[in-house]
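Structure, as structure tokens:
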2 protein chains.
Amino acid sequence: MTVESITDFLNAHDIKPSYQRIKVYEHLVHSIDHPSVEMIYRELIKTIPTLSKTTIYNSLKTFVEKEIVKVVTIDGNEMHYDSLLEEHGHFRCKKCGKLFNFHIDDKISFTEEVSNFQVEERNIYLKGICDQCISK
Amino acid sequence: MTVESITDFLNAHDIKPSYQRIKVYEHLVHSIDHPSVEMIYRELIKTIPTLSKTTIYNSLKTFVEKEIVKVVTIDGNEMHYDSLLEEHGHFRCKKCGKLFNFHIDDKISFTEEVSNFQVEERNIYLKGICDQCISK
DNA sequence: GTATCTGCAAAACATTTGCAATTCT
DNA sequence: AGAATTGCAAATGTTTTGCAGATAC
């Protein structure tokens, strides 16, 4: 995603594309795993020495409000952010630490207790060993 | 679960059953939703006016280490604790706010990306409207 | 020139740590 | 008495808030 297309994308979602907001969003889009404010800060401060964490918090808050970024419920104390809007699950490898996205099968059904419930969001977070680490 | 059986249970797991630890564990067992430290504190302080949050943190840390309590990854900033050890999913009703446990069907499979991965933990957290709230 | 955005500093929370006082055996 | 536990107070870490200066249109 180019800076121009990000600019357009932010405009299209009623978010003024400031230099900082473009950089924060750009970083999110290019991140494989879903970074925390701290992670975004450590990366962006390299090229924007005046950047403050407050601005990252502000930007992310705006993105979440305008629904172009989702808060990811990964374990731990910090919040994580995800620019991939299509529903997907997360898998964390306990050995190498890598985070993988995967598609959630629409066939998935859950037993009795909640079978009549109206499910609107599915948050699925798996942990285990990835295939790379298994074959080692 | 009676106080006596909790005492036995803690002993069996190599945890000295102090008055405070019994109360914290007892509260967890009797809680429908999986409370945070703050929630446990607000409830127990009613009957134990000298109780401190540190003691609740200490107790829960011990319980998690001895594997009689699990940390639940519910959204938000606080940690939540669950004394139900069998694997289960959580459903939060957006209308009434109630939290439901449900059994996760073993048939559940996830598509390609992670199909060869060795899954050790499944954290499933759904949100939507519960049947009570639908029929209103 | 006015409205918005940035970023510092302080406040507000959640959690952890150090330690002295208390409790249990 | 000796060992573990409790709970206060302070420290740490994350997120939010207030506000003054900078920026954009």
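Below, read A as the first sequence line, B as the second, and so on, with proteins coming before strands; counting in each chain starts at 1.
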What pairs of nitrogen or oxygen atoms, one from the protein and one from nucleotides 4-9 of chain C, lie under 3.5 Å apart?
| residue | atom | partner | partner atom | Å |
| --- | --- | --- | --- | --- |
| dC5(C) | OP1 | Arg21(A) | NH2 | 2.4 |
| dT6(C) | OP1 | Ser18(A) | OG | 2.6 |
| dT6(C) | OP1 | Gln20(A) | OE1 | 3.2 |
| dT6(C) | O3' | Gln20(A) | NE2 | 3.3 |
| dG7(C) | OP1 | Thr50(A) | O | 3.1 |
| dG7(C) | OP1 | Thr50(A) | OG1 | 3.3 |
| dG7(C) | OP2 | Thr55(A) | OG1 | 2.9 |
| dG7(C) | O5' | Thr50(A) | O | 3.4 |
| dC8(C) | N4 | Thr54(A) | OG1 | 3.3 |

Establish, with yes or no, whether the OP1 or OP2 oxygen of dT16(C) is under 4.0 angstrom from a side-chain nitrogen or oxygen of Tyr57(B). no
Quick one: pull up NZ in Lys127(A) and CG in Leu99(A) and give me the separation to the nearest 0.5 Å. 11.0 Å
Expressed as a whole number of angstroms, how long is the span from Leu44(B):CG to dT6(D):C1'? 15 Å
Closest to the 5' end of DNA chain D, once Asn77(B) and Ile15(B) are matched to their nearest nucleotides, is Ile15(B)
Expressed as a whole number of angstroms, how long is the span from Arg42(B):CZ to dA14(C):C1'? 13 Å
Can you check the Ile45(B) CD1 to dG7(D) P distance for me, whole Å? 9 Å
Measure NZ/Lys23(B) against C1'/dT6(D) and give the value in whole Å, please. 17 Å
What about Phe102(B) and Phe91(B), are their ring centers closer than 6.0 Å? no
How many whole angstroms separate atom OH of Tyr41(B) from atom P of dT15(C)? 15 Å
Can you say whether the rings of His88(A) and His90(A) are parallel (under 30°), tilted (30 to 60°) or perpendicular (over 60°)? perpendicular
For Asn101(A) and His34(A), which I'm curious about, is there any donor-acceptor pair between the side chains at under 3.5 Å? yes
Which pairs count as ring pair (Phe, Tyr, Trp, His ring centres under 6.0 Å) when at least one residue sits in residues 44-65 of chain A, sequence neighbours excluded? Tyr25(A)-Phe63(A)
Atom-pair distance (CD on Glu38(A); P on dT12(D)), nearest Å: 16 Å
Verify the distance criterion only: is there a donor paired with an acceptor across the side chains of Thr62(A) and Ser59(A) at less than 3.5 Å? no
Nearest whole angstrom, please: distance from the P of dT15(C) to the CD of Glu78(A). 14 Å
Quick one: Ile56(B) CD1 to dA14(C) P, roughly how many Å, whole number? 13 Å
